[in-house]
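Along the sequence shown, residues are numbered consecutively beginning with 1.
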Amino acid sequence: MCAAPARATDTGPATAFPDVAVFLLLAAALGLSMLGAVLLRAHRRLARTTEPRHDEAAMRLTLENMAEAVIMVDARLRLSSFNQRFVEITGFDPVFLASHPPYADVLRLWATENGVPDRLLERAMLRARTREPFRHTFAHRGRDYEGKHVPLPGGGFVRTISDVTEQHRAEEVLRDSEARLRQLLALVPTAILVADRYDGSVLFVNQKAAETAGLRADEFRSRRVFEFYEHDEDRIRLQQMLNQHGAVSDFEVRLRRGNGEPFWALVSAMLGDFGGHRAVIAAISDVTARRRMREELEQARHELEAANQQMRQANEELARAASTDRLTGLANRRLLEETAEAELSRARRHGHPLSVVLFDVDWFKSVNDRFGHEVGDAVLRDMASRLGPQMRASDLLARWGGEEFLLLAPATGQAEALACAEKMRRLICTWPFPVVGCLTASFGVAQYDGSEPFSTLVARADRALYRAKDGGRNRVEWTGEDQRIGG
């Protein structure tokens, strides 16, 4: 048997092509990787060469935009950098400065122009080598400057120079103003105290304040204002008002003198600046004498009011005594007659009815004879307390005399008066009295005819009362009729 012929033309090229492609792809990847590494190294080299340039440009831009003059000195104590403001202040040649001269040459040039002696120049060089920061002030070409020395970690230092001429002038004006203010405050006749707003330390007191406190000025300044308040809540309240409004006028407060003696004061205060401190400036007036006078006047007013009240009470008592029956507490005959005249006038004017009821206790003489006058008086008092609450507010029940009583009943016709009399009769006869037991009373009723005087009206009621007595007592009678109630 013969083997099948090989198929070289079909399989050879098909298997060889993938091997070539893989090789080419690997070669390309390796080439890109090597190129990336080269580019990365190139970028890093470029970055190392451009970063210092960028930093130097940023530093130069910063230096030139600063208001202060700036120089930088390296670890070898040579001038490494400066800005234009330094040239303007010193007047040094920028070409000289750009040559990075030794700092000693720069100082020497400065000393020559400003007449600085050699010993001070040597001292300045010693300070330049120090590793501690410092600052100093100096004058140059008629202006004031402040220099600041800041050491650098790797050696060398930075020095800045600021023009403080205007600041010094303002401070001088402020010092002059404060000196004049102190002189003024020292002369005013009012006690003036200036204290630190936060810790209460005394910054200034005038002679008047020292006298008010009973201290010497130096003793005063060694203390804090908190010590002079009698009550701490007053200090807190005053501080709150100052914080809210910035000023306080006539705040009345109780303070203490240096020896602890309390006194009253009016405090007017404001927030401000004094000697470089945020301060409270206060004017203090001792008003103890005025307060004492006011308290005495107030006490006198209270006493006068009390006296007036007592007088009013006494007058009321006199008025009650003049119009009240002392035994029964009812109205007396005087008050009844005065009231009757007014009520009769009103009844005539308006055409209203008015009646009176006159009554007395039956056989009252025998009560006094059997039990004594004290028991008789007790009966009259008991009768008044028994009948008084039954009267209307418009009625007036009075003791007419002895054991007789009279009721004045405005706006009351005869029928109503009779009913009222009958009610009183029953209250008396059905309610036993202590000690004496049951008693009775007789009543006479009369209605006002519209024109008669009060005495005539009472006389008619009295005739009716006698008719009740004659008819057997314990009954009600009225004028003009032969009828009766009770019995």
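- The residues D382 and R386 are annotated as salt-bridged, a charged nitrogen and a carboxylate oxygen being separated by less than 4.0 angstrom.
- Between F405 and M383, the closest side-chain pair of non-hydrogen atoms falls below 4.5 Å.
- Here the CZ-CG distance, from R473 to L465, works out to 9.5 Å after rounding to the nearest 0.5 Å.
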Intermediate values then yes/no, salt bridge (Lys or Arg N to Asp or Glu O under 4.0 Å), E452 and R460: CA-CA 11 Å; E452 63 187 327; R460 290 198 293 117; 2.5 Å; yes

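- Between V445 and A464, the shortest heavy-atom contact is N-CB, 4.0 Å.
- When atom types are taken as modelled, the side chain of T90 and the backbone of F86 share a donor-acceptor pair closer than 3.5 angstrom.
- Annotation: side chain of I192 is not in contact with side chain of V205 (no heavy-atom distance under 4.5 Å).
- Ion pairing between a basic and an acidic side chain is recognised when a charged N comes within 4.0 Å of a carboxylate O; R334 and E338 show such pairing.
- With hydrogens and angles disregarded, a donor-acceptor distance shorter than 3.5 Å links the side chain of H140 to the backbone of I89.
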H136 and F138: CA distance, side-chain angles, deciding distance, ring-ring contact (aromatic ring centres under 6.0 Å, His included) verdict: CA-CA 7 Å; H136 65 104; F138 57 89; 5.3 Å; yes

Chi angles and distances behind the side chain to side chain donor-acceptor pair (under 3.5 Å) call for R197, N243: CA-CA 10 Å; R197 179 179 177 181; N243 292 339; 3.1 Å; yes

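- Checked for salt-bridge contact, E146 and R135 meet the test: a charged N lies under 4.0 Å from a carboxylate O.
- Contact of the L215 side chain with the R223 side chain is registered, since non-hydrogen atoms from C-beta on lie closer than 4.5 Å.
- By the 4.5 Å heavy-atom criterion applied to side chains, L439 and C429 are not counted as neighbours.
- D395 has a carboxylate O that lies under 4.0 Å from a charged side-chain N of R392, or vice versa, which qualifies the two as a salt bridge.
- To the nearest 0.5 Å, the span separating CG on L358 from CZ on R463 amounts to 12.0 Å.
- T190 approaches A283 most closely through the heavy-atom pair CG2-CB, 4.0 Å.
- By the 4.0 Å N-to-carboxylate-O rule, D362 lies close enough to K469 to be salt-bridged with it.
- Enclosure of atom CE in M270 is not indicated, since only 12 or fewer non-hydrogen atoms of other residues, nucleotides or ligands lie within 6.0 angstrom.
- Salt bridge annotation for E422-R426: present, with a cationic side-chain nitrogen under 4.0 angstrom from a carboxylate oxygen.
- Under the 4.0 Å criterion applied to side-chain N and carboxylate O atoms, E404 and R399 are not assigned as salt-bridge partners.
- Looking at E166 and R143, a side-chain N of the basic residue comes within less than 4.0 Å of a carboxylate O on the acidic one, giving a salt bridge.
- Between the D462 side chain and the V458 main chain, no donor and acceptor come within less than 3.5 Å of each other.
- Looking at every heavy atom in both residues, A461 comes nearest to A446 through N-CB, 3.7 Å.
- Rounding to the nearest 0.5 Å gives a distance of 12.5 Å between CZ of R346 and CD of E341.
- Going from atom CD of E403 over to atom CG of N368 covers 8.0 Å, rounded to the nearest 0.5 Å.
- For F220 and F228, the distance between ring centers is under 6.0 angstrom.
- Q447 contributes a side-chain N or O that, together with a main-chain N or O of Q414, makes up a donor-acceptor pair within less than 3.5 Å.
- At distances below 3.5 Å, at least one donor-acceptor pair connects side-chain atoms of S366 with backbone N or O atoms of W363.
- Counting heavy atoms from C-beta outward, E261 and R256 have side chains that stay 4.5 Å or more apart.
- No donor-acceptor contact under 3.5 angstrom links the side chains of Q309 and E305, judged on distance only.
- Salt bridge annotation for D234-R254: absent, with no cationic side-chain nitrogen under 4.0 angstrom from a carboxylate oxygen.
- Using a 4.0 Å cut-off between charged nitrogen and carboxylate oxygen, D196 and R224 do not count as a salt-bridge pair.
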Pair V375-V436, side-chain contact (heavy atoms from CB on, under 4.5 Å): steps then yes or no: CA-CA 8 Å; V375 173; V436 299; 3.5 Å; yes

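- Between the side chain of R381 and the backbone N or O of T328, no donor-acceptor pair lies under 3.5 Å.
- Of all heavy-atom pairs between S451 and D449, the closest is N-OD1, 2.9 Å.
- Because its NZ or CZ atom is both nearer than 6.0 Å to the ring centre of F263 and within 45° of the ring axis, R257 counts as a cation-pi partner of that residue.
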Salt bridge (Lys or Arg N to Asp or Glu O under 4.0 Å) between E295 and R292, intermediate numbers included: CA-CA 5 Å; E295 290 174 349; R292 185 179 298 116; over 6 Å; no

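- Between C420 and L407 the shortest heavy-atom distance is SG-CD2, 3.6 Å.
- In this pair, F134 and H149 present their aromatic rings parallel. The plane angle is below 30°, not in the 30 to 60° band.
- Few gaps surround CZ on R127; more than 12 heavy atoms of other groups in view lie less than 6.0 Å from it.
- Sorted by first and then second residue, the ring pair (Phe, Tyr, Trp, His ring centres under 6.0 Å) pairs involving residues 439-468 (not counting sequence neighbours) are F359-F443.
- A salt bridge links E113 and R141; the closest N-O separation between the charged side-chain nitrogens and carboxylate oxygens is under 4.0 Å.
- In this structure, the separation between CG on L203 and CZ on R221 is 10.0 Å, given to the nearest 0.5 Å.
- For CD of E374, the number of neighbouring non-hydrogen atoms (other residues, nucleotides, ligands) closer than 6.0 Å is 12 at most.
- Looking at heavy atoms from C-beta onward, E230 lies out of side-chain contact with L255 at the 4.5 angstrom threshold.
- Looking at every heavy atom in both residues, N114 comes nearest to A139 through OD1-O, 4.0 Å.
- Annotation: cation-pi geometry satisfied between R235 and F226 (NZ/CZ under 6.0 angstrom from ring centroid, within 45° of ring axis).
- Side-chain N or O atoms of N83 include one that pairs as donor or acceptor with a backbone N or O of V70 at under 3.5 Å.
- Using a 4.5 Å heavy-atom cutoff, the side chains of L408 and T339 are in contact.
- Side chain of N206 to main chain of A209: a donor-acceptor pair is present (N/O by atom type, distance under 3.5 Å, no hydrogens or angles).
- With a 6.0 Å radius and a threshold of 12 heavy atoms from other residues, nucleotides or ligands, M66 has its CE atom above the threshold.
- H277 is not listed as a side-chain neighbour of Y198, based on a closest heavy-atom distance of 4.5 Å or more.
- T288 places a side-chain N or O within donor-acceptor distance of the main-chain N or O of W264, the cut-off being under 3.5 Å.
- Panel note: side chain T412, backbone L354; no donor-acceptor pair is recorded below 3.5 Å.
- The pair E298-R294 does not meet the salt-bridge criterion, since no charged nitrogen lies less than 4.0 angstrom from a carboxylate oxygen.
- Taking a 6.0 Å sphere around CZ of R326, one finds it holds 12 or fewer heavy atoms contributed by other residues, nucleotides or ligands.
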Check against side-chain contact (heavy atoms from CB on, under 4.5 Å), V194 and V280: CA-CA 6 Å; V194 182; V280 177; over 6 Å; no

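- A salt bridge links R291 and E252; the closest N-O separation between the charged side-chain nitrogens and carboxylate oxygens is under 4.0 Å.
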